[in-house]
Amino acid sequence: MSYSIGEFARLCGINATTLRAWQRRYGLLKPQRTDGGHRQYSEDDIQQALKILDWVKKGVPVSQVKPLLARPGARRANHWLTLQETLLQRLKEGKIESLRQLIYDSGREYPRPELVTEVLRPLRGKVSANVPAMMTLREILDGIIISYTSFCLEGDKKAPGDNALITGWHLTDPCEIWLEALRRTGQGLRIDVLPGLPAILAPEIFPERKWLLVTSGKLTAARKKQIDLWQQQGISLDVIPL
DNA sequence: CTTCTAACA
DNA sequence: TGTTAGAA
């Protein structure tokens, strides 16, 4: 059984025109052709498309999905959990250098968005108990996250890209700014971090830059109004809800 | 209905 | 990056 591009597009919920663009630009999905040159998509192609969609949902740019599909990376369900446990153990034992090394290595091995959502955020959750000892461990972990993120951001600046600023807006946990920055590394953005939690923001002083606002809590009417106001001033502004 | 390329937002 | 226009 095979499908024309139109049928296939409806089946997997991707525009036919987008499918062609993916094939042309990124070599994703190369269906057989009929004698007339029309694409014939197979059942396997459907599985491929689902995998691609998975990665895109996880925040990986379509342009970077290709190598991820080839990888036999059949990750066990508890793969992330064991990585978390290993990191946690090194943290508790005070093996800071070894912890730092493992985080850097993981960053090379996995897509950054996955590292953030599957490993670093859950790990921070595990050391969040309101106990002095735990608080100290979390400070150590946050320090490593911040320096690793800085390292990745520096790397991005060697390549061309749009300049962006990321900061918190109605946010209580400053480390989230760094995690969201880390998640966006390697995607052709040159990001600078405003690490504080300013009570008021004035993005209009750098209207040429793309602003990324990490926000927790509800997007109240007042906040939406503020966002509209900024955008009406021509400021490119993304709100990142947690 | 499909193909492609070029250009736009 | 996804979408559109236009020609075949």
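Side chains are part of it too, since the values below use all heavy atoms of this structure and drop only hydrogens, waters and symmetry mates. A, B, ... follow the sequence lines: proteins, then strands. Residue 1 opens every chain. Computed from a predicted structure; not experimentally measured.
Side-chain nitrogen and oxygen atoms of Ser4(A) include at least one within less than 4.0 Å of the OP1 or OP2 phosphate oxygen of dT2(B). Dashed line: the shortest gap from a side-chain N or O of Asn15(A) to OP1 or OP2 of dG2(C) is not under 4.0 Å. Considering only side-chain N and O atoms, Trp22(A) lies under 4.0 angstrom from the phosphate OP1 or OP2 of dG2(C).
Remark: P of dT3(B) and CG of Asp35(A) are 14 Å apart, rounded to the nearest angstrom. Rounded to whole Å, the distance from CG on Leu19(A) to P on dT1(C) is 15 Å. Spacing between atom CD of Gln231(A) and atom P of dA9(B) amounts to 19 Å, rounded to whole angstrom units. Distance, Arg20(A) CZ to dA5(C) C1': 13 Å, rounded to whole Å. What separates OH of Tyr41(A) from C1' of dT2(B) is a distance of 11 Å, to the nearest Å. The nearest whole Å value for the distance from the CZ atom in Arg33(A) to the C1' atom in dT3(B) is 8 Å. In this structure, NZ of Lys66(A) is placed 14 Å from P of dT1(C), rounded to the nearest angstrom. In this entry the distance linking CG of Leu189(A) with P of dT1(C) reads 13 Å, nearest Å.
Along DNA chain B, the nucleotide closest to Gly6(A) and the one closest to Arg25(A) are compared, and the more 5′ of them pairs with Gly6(A).
Counting only Watson-Crick and G-U wobble pairs whose two key distances fall under 3.5 Å, DNA chain B forms stems of three or more stacked pairs at B:2-8 with C:2-8.
For the pair Arg223(A) and Asp228(A), the salt-bridge criterion is not met [side-chain N within less than 4.0 Å of a carboxylate O]. Ion pairing between Asp238(A) and Lys210(A) holds under the 4.0 Å rule for side-chain N and carboxylate O. In summary, Arg124(A) and Asp173(A) engage in a salt bridge, as defined by a charged side-chain N under 4.0 Å from a carboxylate O. Classification of Lys51(A) and Asp54(A) as a salt-bridged pair fails, no side-chain N sitting under 4.0 Å from a carboxylate O.
The side chain of Ser63(A) lies closest to dT1(C) when the candidates are dT1(C), dT3(C), dT2(B). Taking the side chain of His38(A) as heavy atoms from C-beta on, and the options dT1(C), dT3(C), dT2(B), the nearest nucleotide is dT2(B). Side chain of Thr18(A), nearest nucleotide from dT3(B), dG2(C), dT1(C): dG2(C). Among the nucleotides dT3(C), dT1(C), dT3(B), the one closest to any side-chain atom of Arg24(A) is dT3(C).
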Fill in: Test log, rule side-chain hydrogen bond (donor to acceptor under 3.5 Å, both in side chains), inputs Tyr3(A) and Glu43(A)
CA-CA 9 Å; Tyr3(A) 312 90; Glu43(A) 303 291 342; 2.9 Å; yes

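Between atom OG1 of residue Thr18(A) and atom CD of residue Gln23(A) there is a gap of 13.0 Å, rounded to the nearest 0.5 Å.
Arg183(A) is listed as a side-chain neighbour of Thr117(A), based on a closest heavy-atom distance under 4.5 Å.
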